Amino acid sequence: MSKTPDLKPRKSPTQARAAETVRIILEAAARILEARGLAGFNTNAVAERAGVSVGSLYQYFPGKDALTAALIQRDGEVLREEMAAAARLPAARAALSGMIAAAVGHQLRRPILARLLDIEESRLPLGEQQDEKTKELQDLLDQVLARVDLPAGLSTDTAGADLFAIVRGMVDHAGSRGEVDAPDLQHRVERAVFGYLGLA
């Protein structure tokens, strides 16, 4: 029987220097994943790339799964902040375009890393952490849709769930195919979203 991976950091940095060390370790982990893939991803390689001892790395992260979970959380927080900024735009259409741009940018800004983290996100037992992230993004989308004149008979909840699936499906699938043309992908996703809403 396989052991459940320990995904929680051992400790959180409380001082600026420690926070910078954690930032350097996580960026080193991201670059190792991009350069060597999952097969070459291990704590020794990350520590070497970060310029810290393996012992220093283990002060914060119990293993590579915890590093991966922290990367997923870091990238998810960037996406949430960009989505929230777009959702605050006064015009609903501009807000939706901004949210689509955030989703596309999240997938294609560092496409190799995004694809690998997608794989690991489905493997690791992230549980409530992942559910909470998804709910926050869904809530932001629903807030924007509340300002849209939806087609007759279509509720905000249903439209939000459908559009979340459309955007996520198209963007993730584009990433898995190795697409790198962000403007083209954004245009296609906007056509799907605005067509669904009758705003095309």
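Treat the numbers as computed from the prediction; the structure is a model and nothing was measured.
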Supply the atom-to-atom distance D142 CG to K135 NZ, rounded to the nearest 0.5 angstrom.
8.5 Å
Between R177 and H173, is there a side-chain donor-acceptor contact under 3.5 Å, judged purely by atom types and distance?
yes
Here the gap from L79 atom CG to M99 atom CE, rounded to the nearest 0.5 Å, amounts to 9.0 Å
Between L71 and L67, does a side-chain contact (heavy atoms from CB on, under 4.5 Å) hold up when you go through it step by step?
CA-CA 6 Å; L71 279 176; L67 276 169; 5.8 Å; no
Spatial distance of atom CD1 (I32) from atom CG (L38) [nearest 0.5 Å]:
12.5 Å
Rounded to the nearest 0.5 angstrom, the CD-CG distance for E120 and L117 is 8.0 Å
Taken in chain and number order and not counting sequence neighbours, the residues that satisfy side chain to side chain donor-acceptor pair (under 3.5 Å) with D184 are R188
Check the pair I100, V193 against side-chain contact (heavy atoms from CB on, under 4.5 Å), reporting the backbone distance first and the verdict last.
CA-CA 9 Å; I100 291 167; V193 168; 3.9 Å; yes
Could you go through V46 and I25, starting from their C-alpha distance and side-chain angles, then the distance that decides it, and tell me whether this counts as side-chain contact (heavy atoms from CB on, under 4.5 Å)?
CA-CA 7 Å; V46 172; I25 290 170; 4.1 Å; yes
Transitive ILVMFWY side-chain link L89 to F194, under 4.5 Å
no
Got a sec: does the CG of D149 have more than 12 other heavy atoms crowding it under 6.0 Å?
no
Output for pair (H106 NE2, D75 CG), nearest 0.5 Å, gives 4.5 Å
Distance col, row K133:NZ vs L137:CG, nearest 0.5 angstrom, shows 7.0 Å
Taking all non-hydrogen atoms of both residues, which atom of A146 and which atom of T156 are closest, and how far apart?
N-CG2, 4.3 Å
Side-chain atoms of residues 162-172: list all donor-acceptor pairs with protein atoms under 3.5 Å, sequence neighbours left out, distances to 0.1 Å.
| unit_1 | atom_1 | unit_2 | atom_2 | d |
| --- | --- | --- | --- | --- |
| D162 | OD2 | Y196 | OH | 2.6 |

E77 and Q73: side chain donor to acceptor below 3.5 Å
no
Say whether, by atom type as modelled, one donor and one acceptor occur between the side chain of Q138 and the main chain of G160 under 3.5 angstrom.
yes
Return the set of residues passing salt bridge (Lys or Arg N to Asp or Glu O under 4.0 Å) with E48 (not counting sequence neighbours), or none when no residue passes.
none
